[in-house]
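Chain A is the first sequence line, chain B the second, and so forth, proteins listed ahead of strands; every chain is numbered from 1. Bear in mind the structure is a predicted one, so any value in this text is a computation, not a measurement.
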Amino acid sequence: MNIKFNLLAVLVLTFATVALQTSSVAGGLRGIGTPRIDPTVRVDTSMKLESPSFRTEAPISARQADVTQKIINDINPTSPSVTMAKPVSKAPDFIGSSNGTVFPVPKGATGPVPVINPQGKKTGVAFTGGTGGTNGQVKDMRIMDPTPPSGRNPGYPNGYIKYQNSHSPRPQGVDPYTGRTLPESQAHFPIK
Amino acid sequence: METSKLKAIRGFKVLDAVLDIDDAGISFENGASLAIYNNFELAGAFSNNAQLLVGKIVTDVDESEYAITIKFGEDFIIRIDMRDDAYNGPEAIELRIPGEPIVIWN
């Protein structure tokens, strides 16, 4: 009788423990999802990638890290200061530079696709066809290679990022958050 | 000259244009668009009234190290200064052609 009672107690305890763990895991997974972009957010680049684990705030998985590195290499192998987040088959939600600046990618944009110079050499990449900014007019994002100073161009030793709308007869430089047009002199965001 | 990316607009009609000093661009009937960021000059019978450019066909394009000249019809020319001092930003010209990579002169 005692043996039966003890066996039953063990079974009940085991079931309760498993149920509790399952509940905790499910609760933790609720924290995983698409990050919301906040213009004031700064990326903590000191964060180390960890193996997948059940935590309330899950770190970037090893698989994501592999894909991230592949996209970085595709985008700009000469500019290691650019890193990307949420790398999946479509465009990421944002791109972070090594100093922690976050650059949003227009929602729904696809890419990266190459940007070339007149000689046909790849000088950047673009995410195109999005609808970013509060007015929904941010269509494209270009991530460009470094350029030297010339004329009124101050030079961009680590490259720059430019956002554009689809205005006719030619696209205009826009603010990535509001979508409002910018003077050409203010439409290039340096990568630092 | 045949290697110039700008050959893509030769023979095509202008659909729309703006030719302000710091805000210039032209769209063409093949869907291409040309944004001009460097200093440029206009020559021809139409002054800087960009709307009079609409309907004109690109008849010639000449690209050299220091300047790009685009001729519309027989009497209108845009000359884009490509010297270092003419840059107002990192980009001189942007050419977009549907289905092809964006081309940036910088």
Side-chain angles (χ1 to χ4, degrees), chain A residues 74-75 109-129 139-174 181-191, chain B residues 1 3-9 13-29 31-39 50-51 53-54 61 63-65 68 80-106:
Chain A
D74 288 345
I75 284 180
T110 58
V113 294
V115 176
I116 62 175
N117 68 9
Q119 290 73 45
K121 180 188 173 189
K122 182 179 166 187
T123 54
V125 295
F127 293 99
T128 61
K139 181 185 177 191
D140 302 334
M141 172 193 201
R142 286 196 276 113
I143 306 165
M144 302 299 292
D145 286 353
T147 60
S150 57
R152 293 168 60 191
N153 169 27
Y156 297 85
N158 294 314
Y160 62 91
I161 292 179
K162 185 172 189 177
Y163 295 90
Q164 293 178 298
N165 62 18
S166 57
H167 190 266
S168 180
R170 57 31 209 124
Q172 298 170 303
V174 295
T181 58
L182 295 172
E184 187 59 17
S185 59
Q186 299 173 23
H188 308 90
F189 300 92
I191 297 171
Chain B
M1 188 59 246
T3 59
S4 172
K5 298 292 183 185
L6 289 169
K7 70 182 180 183
I9 60 172
K13 190 182 296 184
V14 173
L15 287 186
D16 194 10
V18 290
L19 293 176
D20 297 332
I21 293 300
D22 57 352
D23 185 20
I26 304 168
S27 63
F28 301 89
E29 63 178 341
S33 68
L34 183 70
I36 303 169
Y37 304 120
N38 264 23
N39 298 338
Q51 290 310 303
L53 194 62
V54 175
V61 177
E63 183 174 355
S64 71
E65 184 178 357
I68 291 174
I80 305 164
D81 194 340
M82 297 299 287
R83 294 174 295 185
D84 283 352
D85 289 347
Y87 277 75
N88 296 309
E91 302 175 353
I93 306 173
E94 175 180 354
L95 176 66
R96 291 185 178 226
I97 303 166
E100 296 190 20
I102 299 169
V103 188
I104 303 291
W105 278 253
N106 58 9

**Prompt:** So among A/Ile116, A/Val115, A/Asn117, which one has a side-chain contact (heavy atoms from CB on, under 4.5 Å) with B/Pro101?
**Reply:**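 Only match with B/Pro101 under side-chain contact (heavy atoms from CB on, under 4.5 Å): A/Ile116.
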**Request:** Start with the C-alpha distance between B/Glu91 and A/Tyr160, add both sets of side-chain angles, then the distance that settles side chain to side chain contact (heavy atoms under 4.5 Å, CB included), and finish with yes or no.
**Result:** CA-CA 11 Å; B/Glu91 302 175 353; A/Tyr160 62 91; 2.6 Å; yes
Name the region of [X], side chain, backbone, both or neither, that has any atom closer than 4.5 Å to a heavy atom of chain B.
X: A/Pro171; answer: both
X: A/Gln164; answer: side chain
X: A/Ser168; answer: both

**Request:** Grab the two heavy atoms, one from A/Arg170 and one from B/Gly25, that are nearest each other, plus how far apart they are.
**Result:**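 Shortest heavy-atom contact: CG-CA, 3.4 Å.
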Reported [atom1]-to-[atom2] distance for the pair [X] and [Y], which is rounded to 0.5 angstrom:
X: A/Arg152; Y: B/Asn38; atom1: CZ; atom2: CG; result: 10.5 Å
X: B/Ile104; Y: A/Lys162; atom1: CD1; atom2: NZ; result: 7.0 Å
X: B/Tyr87; Y: A/Thr147; atom1: OH; atom2: OG1; result: 9.5 Å
X: A/Asp140; Y: B/Ile102; atom1: CG; atom2: CD1; result: 5.5 Å

Select one option (side chain, backbone, both, neither) describing which atoms of [X] are under 4.5 Å from chain A's heavy atoms.
X: B/Glu100; value: neither
X: B/Ala17; value: backbone
X: B/Asn88; value: both
X: B/Arg96; value: side chain

**Message:** Quick check for you: among B/Ile26, B/Ile36, B/Val103, B/Leu15, which has the greatest number of heavy-atom pairs under 4.5 Å with chain A?
**Reply:**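 Highest number of pairs under 4.5 Å: B/Val103.
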